[in-house]
Protein chains: 2
Amino acid sequence: MTDTDNNSLPERKRGSGVKMVYDLLRDEILDLVLPPGSPIDEVQLAERFKLSRTPIREALVRLAGEGLIDTLPNRSTMVSNIDFLNLHTFFEALVLMYRVTTRLAAQNHRPEDLPVIRGFHEDYAAAVQSRDALAMIATNAAFHAAIAEAGRNPYFTGLFRRLLDEGRRILRLYYQSYEEQFPQRFVDEHAEIIAAIEARDVEVADRLGKAHAEQIVEQVQKLFTRANKLDIAL
Amino acid sequence: MTDTDNNSLPERKRGSGVKMVYDLLRDEILDLVLPPGSPIDEVQLAERFKLSRTPIREALVRLAGEGLIDTLPNRSTMVSNIDFLNLHTFFEALVLMYRVTTRLAAQNHRPEDLPVIRGFHEDYAAAVQSRDALAMIATNAAFHAAIAEAGRNPYFTGLFRRLLDEGRRILRLYYQSYEEQFPQRFVDEHAEIIAAIEARDVEVADRLGKAHAEQIVEQVQKLFTRANKLDIAL
DNA sequence: TGTATTTTATTTGTCGACAAGAAACATACA
DNA sequence: TGTATGTTTCTTGTCGACAAATAAAATACA
């Protein structure tokens, strides 16, 4: 592509190359800078980062482990596709993780967790205010990830983070074409969730988490069906 | 170690080395042949498999991605430890996944799934019959993994498989010292679960899955506290 | 004897190069 | 014209070697 990004990498420390490539590629995949199906060329990446293929390869193996890229043996490797036919399994898992993590946060959170959560809450509110759809996606994910962390179950947070990542891709796909936005309502719901967590009201937190998740899923599905009606070529 | 396993690998195909190393190391870790904390030496493995360090490294990166080994940068890499202090989060996640996968199996299974599930059910019954604790662990995990597959939600099956793997390590740890066994009761419960799945009775499947999981967790926790009383050095 | 500093050794991270596999292309043959 | 075979090209998988980072050992010094 263009060689406009070969600045800002004059010196790197020993183990940092892999992480840099991994982080950057991951972001580019989740932000659809590299849309699903994009070919990933090791040599090209090696030149771009001025590294040998070895650390590039390690980053790719990690991305493949998270299902973000698909590797055909001895052939090409490309950004993994979004499985629209099984989106319902994604929503199913997402709703459950919303519930569980919110519930556990109400149960297990520590005082120091709340400022962090509130911080992302305000970021999200600001994004809604300024109608920045992409910032909404990011801050919403960060908000719920912080809640999950406060729930302190690494197995759930691990799955939840992956689901939020995948959701980032899916949402960005739609928000590219349709200037939709998460309504103010979600901000209010976030506030309610925080209150339930702070009050350690497990059942309310569970219920709110579930309702909130279903709101979001419904919103996305609405976008989805609308998109399907417009461009039939899928 | 001993050089008694350098037979049976005269010819390998191009992409097969990594998978072989990955599979074998994974098994050795889960079977506690490589107990938690064991050092992993790349050069040693390279000699053992008669490969260069590159494919070994790739296998290790994948194992690290699944949390089976820990890598200290620029220093050693070793089999990851079992976090006994947070076992409750493991049980928590395990019980939920038992429930969800059983419930979804009742909802989504196809006719061809049942023979597979029944097959593992019989394997497990045979293991109980012959009082082979290690076979019980393996067949029980395979049984529930098959149910999860029939549920057809890859996000849940992915997490569940990881949990079952971790459980394999934990159980094997205890069964090394204490010749306990899963009672016949679990066999009967498995039969009930199959019946509920076949009848597509979602609620009963959910309830049975939960009860079954809690049985198992209770059993393991009993072993755990007993072990703690005996060897205090932990 | 105990602590600080230098030296050695071991292990990891990175590199450039080469060979295998598969796809794309070209050629021969009916 | 269409199929089959051979060739080329491109990408990946693997290798051996080297350099950096750290730990261990050795040495100097109080």
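Numbers restart at 1 for each chain; the letters A, B, ... are given by sequence-line order, proteins then strands.
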When the distance from [atom1] of [X] to [atom2] of [N] is rounded to whole Å, what number comes out?
X	N	atom1	atom2	result
B/Lys50	D/dC15	NZ	C1'	16 Å
A/Asp70	D/dT12	CG	P	14 Å
A/Leu51	C/dG16	CG	C1'	13 Å
B/Arg53	D/dC18	CZ	C1'	11 Å
B/Leu45	C/dT11	CG	P	12 Å
A/Glu58	C/dT12	CD	P	12 Å
A/Gln44	D/dT12	CD	P	10 Å
B/Leu72	D/dA23	CG	P	9 Å

| field | Whichever of A/Thr54 and A/Val43 has its nearest DNA chain D nucleotide further upstream toward 5' | value | A/Val43

For nucleotides 22-25 of chain C, list the nitrogen or oxygen atoms of the protein found under 3.5 Å from its nitrogen or oxygen atoms, one pair per line.
from   : atom 1 : to      : atom 2 : distance (Å)
C/dA22 : O3'    : A/Arg75 : NE     : 3.4
C/dA23 : OP1    : A/Arg75 : NE     : 3.1
C/dA23 : OP1    : A/Arg75 : NH1    : 2.6

| query | Is A/Asp113 reaching over with its side chain to a backbone N or O of A/Arg110, donor-acceptor style, under 3.5 angstrom? | reply | yes

| If only atom types and distance count, is the side chain of A/His121 paired as donor or acceptor with the main-chain N or O of A/His190 below 3.5 Å? | no

| Interatomic spacing from CZ in B/Phe156 to CD in B/Glu149 - rounded to 0.5 Å | 13.5 Å

| said: Return the CG to CG distance between A/Asn153 and A/Leu104, rounded to the nearest 0.5 Å. | reply: 6.0 Å

| Of all heavy-atom pairs between A/Leu164 and A/Leu94, which one has the smallest distance, and what is that distance? | CD2-CD1, 4.5 Å

| field | For B/Gly37 against B/Asn81, the heavy-atom pair lying closest together | value | N-ND2, 4.3 Å

| query | Do any side-chain nitrogens or oxygens of B/Ser52 fall under 4.0 Å of OP1 or OP2 in D/dT14? | reply | no

| Among the nucleotides D/dA19, C/dG21, C/dC15, which one has an atom lying closest to any side-chain atom of B/Arg14? | C/dG21

Within the 4.0 Å heavy-atom criterion, would you say [X] contacts the bases, only the backbone, or no part of the nucleic acid?
X	answer
A/Ile40	sugar-phosphate
B/Ser76	nothing
B/Thr77	sugar-phosphate

| query | When you look at B/Ser80 and B/Arg169, which way does the side-chain hydrogen bond (donor to acceptor under 3.5 Å, both in side chains) test go after all the steps? | reply | CA-CA 11 Å; B/Ser80 68; B/Arg169 286 216 298 172; 3.3 Å; yes

